[in-house]
There are 2 protein chains.
Amino acid sequence: MPGILEEADKHCAKTGVRLTPLRRRVLELVARADVPVKAYDLLSQIDHTRTNAKPPTVYRALDFLIDAGLVHRVEALNAFVACPQAGHGHAAVLYVCENCTKVTEVQGTRPGQENKPDGFEVRRSVVEHYGICLSCLKNDTSKT
Amino acid sequence: MPGILEEADKHCAKTGVRLTPLRRRVLELVARADVPVKAYDLLSQIDHTRTNAKPPTVYRALDFLIDAGLVHRVEALNAFVACPQAGHGHAAVLYVCENCTKVTEVQGTRPGQENKPDGFEVRRSVVEHYGICLSCLKNDTSKT
DNA sequence: GTCTGGATGTAATAATGTAACGCTACGATG
DNA sequence: CATCGTAGCGTTACATTATTACATCCAGAC
């Protein structure tokens with residue numbers, strides 16, 4: 001769903017960072033897929049007639065996009081998803097369907113810090129739930 | 001702290017799985033470190049005069065230990081920590097200090113499923129909080 | 001112009017993880 | 001006892017993921 005790119009433009013303008021064509025292109029590729037994308041898949045999808053992309057190209061763009069709160073890294077998959085709401089990168093909770101691989105992002109209310117050790121200062125949280133989404137539960141007869 | 005190995009022996013006996021010498025050795029190495037350990041570090045620490053360990057050796061042992069609930073994988077670090085309480089593998093919440101790298105494990109009360117999408121059936125959760133532990137906060141003067 | 005810092009190109013390699021196949025040892029079963 | 005099936009491990013090769021280091025380019029400040 002476009003709108004993501006335009007939102008990203010606005011968000012970057014507002015925060016004073018540069019969404020260059022290359023970075024925008026990577027964001028577009030991540031956003032277009034509705035499932036988590038691998039870095040090397042992105043690499044192979046970049047137009048090699050115009051840019052000469054190598055691994056650092058993609059990883060740098062992803063680093064930027066993650067810092068900007070436009071993309072999340074799905075840690076347990078080594079993959080990346082577009083953030084539907086620019087700039088809310090920090091508090092995201094991801095629900096990943098292991099059947100269709102789609103990811104639903106929920107803006108966490110300070111996710112899961114119950115029983116936090118005394119005085120621990122949390123800077124960044126990774127919260128990923130793996131399971132089966134409703135749609136797959138309904139459609140699959142006798143799926144594992 | 002030993003006790004972990006003995007607990008693991010008991011746990012495996014109870015659940016009818018085999019903690020072989022190799023698996024026990026890997027668990028020992030993970031438990032001995034009080035920080036997350038990398039798979040290839042384990043590989044290099046295994047006694048190569050007695051076993052001829054290759055990457056699959058370590059990964060298979062780790063898979064077993066994780067299945068058995070004796071070890072956790074720290075997803076965002078590609079590293080592994082011993083579980084202080086055998087068999088509670090599923091519901092763990094990890095607090096990882098980015099300064100000293102030590103991990104504190106908390107047995108989660110069904111960690112962070114607030115705002116769960118309708119009907120999503122969670123099978124496995126990854127909950128990792130990164131920050132600074134109390135001890136590092138106190139000891140470090142003007143640390144970033 | 002020219003300087004500068006951020007962005008990108010480039011080459012090489014490091015680090016992490018898996019597939020596929022074979023062998024061995026051991027318990028179950030006839 | 002024989003032999004069968006399976007778990008565990010060895011072994012080779014390779015796939016995937018990620019980084020380091022250095023060169024170059026380019027837009028804006030001066």
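Chain identifiers are assigned alphabetically (A, B, ...) following the order of the sequence lines, protein sequences preceding nucleic acid strands; residue numbering begins at 1 within each chain.
- Closest heavy-atom contact between B:Leu65 and B:Arg23: CD1-O, 3.8 Å.
- OP1 or OP2 of D:dC9 sits under 4.0 Å from a side-chain N or O of B:Thr20.
- Taking atom CZ on A:Arg25 and atom P on C:dT8, their separation rounds to 14 Å, with Å as the unit.
- For the OP1/OP2 pair of C:dG17 and a distance below 4.0 Å, the side-chain nitrogens and oxygens of B:Asn78 include at least one atom meeting the criterion.
- Between the CG atom of A:Leu22 and the P atom of C:dT10 there is a distance of 12 Å, given to the nearest Å.
- In this structure, B:Ser44 contributes its side chain and B:Asp41 its backbone to a donor-acceptor pair below 3.5 Å.
- Contact annotation for A:Arg73: backbone-only contact, meaning every heavy-atom pair under 4.0 Å involves sugar-phosphate atoms and none involves a base.
- In this view, B:Lys54 satisfies the salt bridge (charged side-chain N to carboxylate O under 4.0 Å, His left out) rule with no residue, not counting sequence neighbours.
- The backbone N or O of B:Val127 lies less than 3.5 Å from no partner atom in the side chain of A:His129, so there is not a single donor-acceptor pair.
- The distance between atom CG of A:Asp63 and atom P of D:dT17, rounded to the nearest whole Å, is 16 Å.
- Taking atom CG of residue A:Leu62 and atom P of nucleotide D:dA18, one finds them 9 Å apart after rounding to whole Å.
- Residues forming a side-chain hydrogen bond (donor to acceptor under 3.5 Å, both in side chains) with B:Glu7 (at least two apart in sequence, or on another chain): none.
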Requested in this report: Summarise how protein sits on nucleotides 24-30 of chain D as a single string, 5' to 3': B when a protein heavy atom is under 4.0 Å from the base, S for sugar-phosphate-only contact, - for no contact.
Outcome: -------
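- Residues meeting the side-chain hydrogen bond (donor to acceptor under 3.5 Å, both in side chains) test with A:Asp63, sequence neighbours left out: none.
- Out of C:dT18, D:dT19, D:dG8, the shortest distance to the side chain of B:Tyr59 is found at C:dT18.
- Side-chain atoms of B:Asn139 come within 3.5 Å of backbone atoms of B:Ser135 as a donor-acceptor pair (strictly under, hydrogens ignored).
- Atom OH of A:Tyr40 is separated from atom P of D:dA15 by 14 Å (rounded to the nearest Å).
- In this structure, the nucleotide among C:dA7, D:dG10, C:dG9 sitting nearest to the side chain of A:Thr57 is C:dG9.
- A:Lys38 has no side-chain polar atom (N or O) that falls below the 4.0 Å cut-off from OP1 or OP2 of D:dT16.
- Between the CD1 atom of B:Ile66 and the P atom of C:dG17 there is a distance of 10 Å, given to the nearest Å.
- In this structure, A:Leu42 atom CG and D:dT17 atom P are separated by 11 Å, rounded to whole Å.
- Here the side chain of A:Glu128 pairs a donor or acceptor atom with the backbone of A:Glu75 at under 3.5 angstrom.
- No hydrogens or angles were tested; on distance alone, nothing pairs the side chain of A:Arg60 with the base of C:dG6 as donor and acceptor under 3.5 Å.
- Judged as a side-chain hydrogen bond (donor to acceptor under 3.5 Å, both in side chains), and not counting sequence neighbours, A:Tyr59 has no contacts.
- The stretch residues 43-56 of chain B touches DNA chain C through B:Pro55, B:Pro56, each having a heavy atom under 4.0 angstrom from the strand.
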